[in-house]
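So you know, we letter chains A, B, ... as the sequences are listed, proteins then strands, and number each from 1.
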Number of protein chains: 2
Amino acid sequence: MIFYEKLLGNALFHGLELPVLRRLLEEVSYQRKHYPAETFIACEGEVSSGIHFLLNGSVRAEMSSLSGKVLKIEDIEGKRILAPAFIFGKNNRYPVDIIANRETECLFLTRHVFLRLLGMNETILRNYLDIISDRTQFLSDKLRFLTLQTIRGKIALYLLNCSRESGESQFRLPISHARLAELFGVARPSLTRSLHELKERKLIEIDGKAIRIIKKRELSMLIE
Amino acid sequence: MIFYEKLLGNALFHGLELPVLRRLLEEVSYQRKHYPAETFIACEGEVSSGIHFLLNGSVRAEMSSLSGKVLKIEDIEGKRILAPAFIFGKNNRYPVDIIANRETECLFLTRHVFLRLLGMNETILRNYLDIISDRTQFLSDKLRFLTLQTIRGKIALYLLNCSRESGESQFRLPISHARLAELFGVARPSLTRSLHELKERKLIEIDGKAIRIIKKRELSMLIE
DNA sequence: TTTTATTTGTAACATATGTTACAAAAATGT
DNA sequence: ACATTTTTGTAACATATGTTACAAATAAAA
């Protein structure tokens, strides 16, 4: 079956050979699940009964407050495990909603089956430790970014990162202001306003989605 | 040695008998480390070379921005592992500073030794998985608290929690406004101001550190 | 008790960010 | 090429929080 190969791309199975993975999966039971766009794959507060491997599609993880404020944590695409760290520990409830951005397909293993899988293979166990450790790093970074940076600082970090990745001082914003604002946990007009403040100060040039960094040095000074 | 018993209280060794733990520890090497008050046990950005078990004392974990803003993540006392989740994963750097609040003693195992320990005993491994999973829950909760709540909301959550823990509608704040403000990631006068705003609204009474909740219902409505 | 240090309360003011609303521009679908 | 939808830019205003400074109250030390 073709999805064995897809699974092999998942960090959990890194270092495994396809035949080995196939043999392991033949021993355990699993389900394939389909989610139409905007359906909830998991719900904040719900007890995690197992683990989802993303096969196709795209999902987002977000938290919301009682009053309706929403904080997007991340978009997840590609060969990832969704919310990997809530199988173990004292509290097995999801701290976030997980919602399909578009039509999405997952492989689901129950908690019990997943525990068995971890016990069957050293490499998988080790990979799992890596994965959940990476999650704590990710969350720590998110915490720093969201609570210690001003909007200006967030923009500076983001733009400098775009520039570094592309190797160019000019590039196009890969996403809309609205999505960027979600990621920054701020209001969209506030983001646009701050972005143009940087233009006024002549640190960057803006032409729609096209950005050119003029004063890299000064821009990086805006990082808190 | 007396510290075997102290270690046994650590969640990592939960479910182990003292003789078993003693035997395991006799097979591995470790160091005892002393830290005077206000010394750095670990430093943001530094690569984690092993793992610290807190034996005595108290430490705090905090992040700081380039511009000097400090966000306290938590105070750690009792039988805890410090920064347990940075041994595995792609990035083994500490995302926080870990600083001794007062004179503190730790047991230190190198990464290598710690990995061996995990391999020697199923229970320990399982406990470790629980511990780092709890860390992701903790960080998720922190993220929600810090980014989704207003100061009012933070105070409401905190006071209602104090009340629930003590079982009384009146109690004394166990810490100063200054420390509370650190925990909330806000400025001290802003915290005091918001606290007194609740008094003006007659939701609580304040007499120095003594607090009495008058309108529990309305107070809980301030939670975002 | 007296002295000293810490904590609390408060005011005036600065700044950052959110809210709402709308027009202009750009992208997309037909 | 036209119509429709999405995105961007912007203004006016509201609100939340930070900053600084200082006096009053309280707690700790001598």
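- Rounding to whole angstrom units, CG of residue A:Asp207 and C1' of C:dA27 are separated by 14 Å.
- Of the side-chain N and O atoms in B:Lys209, one or more sit less than 4.0 angstrom from OP1 or OP2 of C:dT8.
- For A:Ser140 and A:Arg144, the side-chain atoms include no donor-acceptor pair closer than 3.5 Å.
- Not less than 6.0 angstrom separates the ring centroid of B:Tyr30 from the ring centroid of B:Phe53.
- Rounded to whole angstrom, the span from the CD atom of B:Glu197 across to the C1' atom of C:dA11 amounts to 16 Å.
- Between A:Glu197 and A:Arg201 there is a salt bridge, since at least one side-chain N of the basic residue sits less than 4.0 Å from a carboxylate O of the acidic one.
- Rounded to whole Å, the distance from CG on A:Leu180 to C1' on D:dT7 is 13 Å.
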**Request:** Go through A:Glu205 and A:Lys199 one step at a time and tell me if the salt bridge (charged side-chain N to carboxylate O under 4.0 Å, His left out) criterion holds.
**Result:** CA-CA 6 Å; A:Glu205 278 168 10; A:Lys199 189 182 87 176; over 6 Å; no
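- Here A:Ser176 lies in heavy-atom contact (under 4.0 Å) with sugar-phosphate atoms only.
- Computed from coordinates, the B:Ile206 CD1 to C:dG9 P distance equals 6 Å when rounded to whole Å.
- Rounded to whole Å, the distance from NZ on A:Lys199 to C1' on D:dG9 is 9 Å.
- At a threshold of 4.0 Å, the pair A:Glu62-A:Lys69 does not count as salt-bridged, since none of the basic side-chain nitrogens sits closer than that to a carboxylate oxygen.
- If you measure from atom CD1 of A:Ile175 to atom P of D:dT7, you get 11 Å, rounded to the nearest angstrom.
- In this structure, B:Arg179 places its CZ atom 13 Å from P of C:dT6, rounding to the nearest Å.
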For nucleotides 13-22 of chain D, give me every protein contact, N/O to N/O, under 3.5 Å, one pair per line with atom names.
from	atom 1	to	atom 2	distance (Å)
D:dA16	OP1	B:Arg152	NH2	3.0
D:dT17	OP1	B:Ile151	N	3.3
D:dG18	OP2	B:Ala187	N	3.0
D:dG18	OP2	B:Ser190	OG	3.1
D:dG18	N7	B:Arg193	NH2	3.3
D:dG18	O6	B:Arg193	NH2	2.4

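- Each of C:dA27, D:dT8, C:dG9 was ranked by its minimum atom distance to the side chain of A:His177; first place goes to D:dT8.
- Centroid-to-centroid, the aromatic rings of A:Tyr35 and A:Phe40 stay 6.0 Å apart or farther.
- No donor-acceptor contact under 3.5 angstrom links the side chains of A:Asp134 and B:Asn91, judged on distance only.
- Note: CD1 (B:Ile155) to P (C:dT8) measures 13 Å, nearest angstrom.
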